[in-house]
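Taking it in order: structure first as structure tokens, then the write-up.
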Amino acid sequence: PRCQLPLRNVDLGRTSSLLDWLATSDGVDDSVAASLHGPLLTRYAADCHERPDVLEPSFCCGEGGARPYRFSYGFPTLRRDRAAVERAFMDLCEPFGGVVVEAARTVLRTARSKAVEQVLFGYAHGGLGSATRVKLYVQFFASQAELALDLASRMVGRTLTGTVHPGPLHLLCLDMGSAGVSGAKLYFFLDRLRLDEVPGRLGPIPLAAELRQYGVSELREVLAIHRLRGPDDPGVSETAEIDFPLEANDLGWRDVRELPLVRALLDRDVRVAALERQFRLAVRRVSGSVGDGTKLNVYYGLSEREGER
């Protein structure tokens, strides 16, 4: 987990077992799980030896417990293998019907811009006050900040250019519900964030406050997440969460999980401990919410190589 290089030769059988375990533990319908796991594992078999981190499971913890069946899948080979990536992206989207398929086509058309680095597919099983979501991401090159904002404006139906943002736009996520787009998230990149400046700059973030008490003075490679729940939502100008990597900040998961806020959220659901007992995981990133700090997302990868078990 603290190595500078991603783990190579991730065990495909254990990856399949992990996805099945997550689906079963979260009560995901078998047909939904099958429609996702088939194309996902087919693509991962081709990608995992080069980029095992393209598959990133996560779990969300809140007052109501945990939601363990969540993941994203990146397609970093988009620019050199566009046709194959587009087929795989559509294979993941087609089981969810016409509105998701049409949004996926819009994402892929947008991805032909020179500003787009890659696309990602995500899925989050419902719970904690939210519906099940298909998530379609566009990731932008940092050098194309203005064009990225222009493309994002067209996709969400709201002008984002010419306004103040905390940093360049790194990611746009469209949250897809049964009736279409239910919201969007904008991820702005901050190279460095001093924790003593967080309350005045982004708002109160309890996770950041506890990290500061732990001795952390700043975070690097932070994503400030803004939420858009409709074209006229004024909240898009405010940070809702921050997301940051552990390794780039010299943090270990064992340390972060012992922070009082994190430990309290993890302890609300026994499935988190069960997941960590069943599989060897490398936690990559965490995100904490602005406000009362009652939401925590943890992003990880399977840290088991072929032939180790």
Q) Just wondering, do Tyr123 and Tyr69 contact through their side chains at under 4.5 Å, heavy atoms? A) yes
Q: State whether Glu258 and Arg263 are salt-bridged, where the test is any N-O pair (Lys NZ or Arg NE/NH1/NH2 against Asp/Glu carboxylate O) under 4.0 Å.
A: yes
Q: Decide yes or no for Leu190 and Arg201: does some side-chain heavy atom of the first lie under 4.5 Å from some side-chain heavy atom of the second?
A: yes
Q: Using a strict 4.0 Å threshold on nitrogen-to-oxygen distance, state whether Arg229 and Asp175 make a salt bridge.
A: no
Q) Passes side chain to side chain contact (heavy atoms under 4.5 Å, CB included), Leu174 versus Val107? Steps please. A) CA-CA 9 Å; Leu174 299 179; Val107 166; 4.3 Å; yes
Q. Would a line drawn from the ring center of Phe189 to the ring center of Tyr187 be shorter than 6.0 Å?
A. no
Q: Kindly say whether Gly126 contributes a backbone atom to a donor-acceptor pair with the side chain of Thr132 at under 3.5 angstrom?
A: yes
Q: Specify whether Phe71 and Phe121 have parallel, tilted or perpendicular ring planes, treating 30° as the upper limit for parallel and 60° as the lower limit for perpendicular.
A: tilted
(Q) Under 4.0 Å between a side-chain nitrogen and a carboxylate oxygen: does that hold for Glu221 and Arg285? (A) no
Q | Any donor-acceptor pair under 3.5 Å from Ser35 side chain to Val32 backbone | A | yes
Q: Examine distances only and state if a side-chain atom of Arg271 and a backbone atom of Pro68 form a donor-acceptor pair shorter than 3.5 Å.
A: no
Q: In plain terms, say whether Asp150 and Arg154 are close enough for a salt bridge, that is, a side-chain N and a carboxylate O under 4.0 Å apart.
A: yes
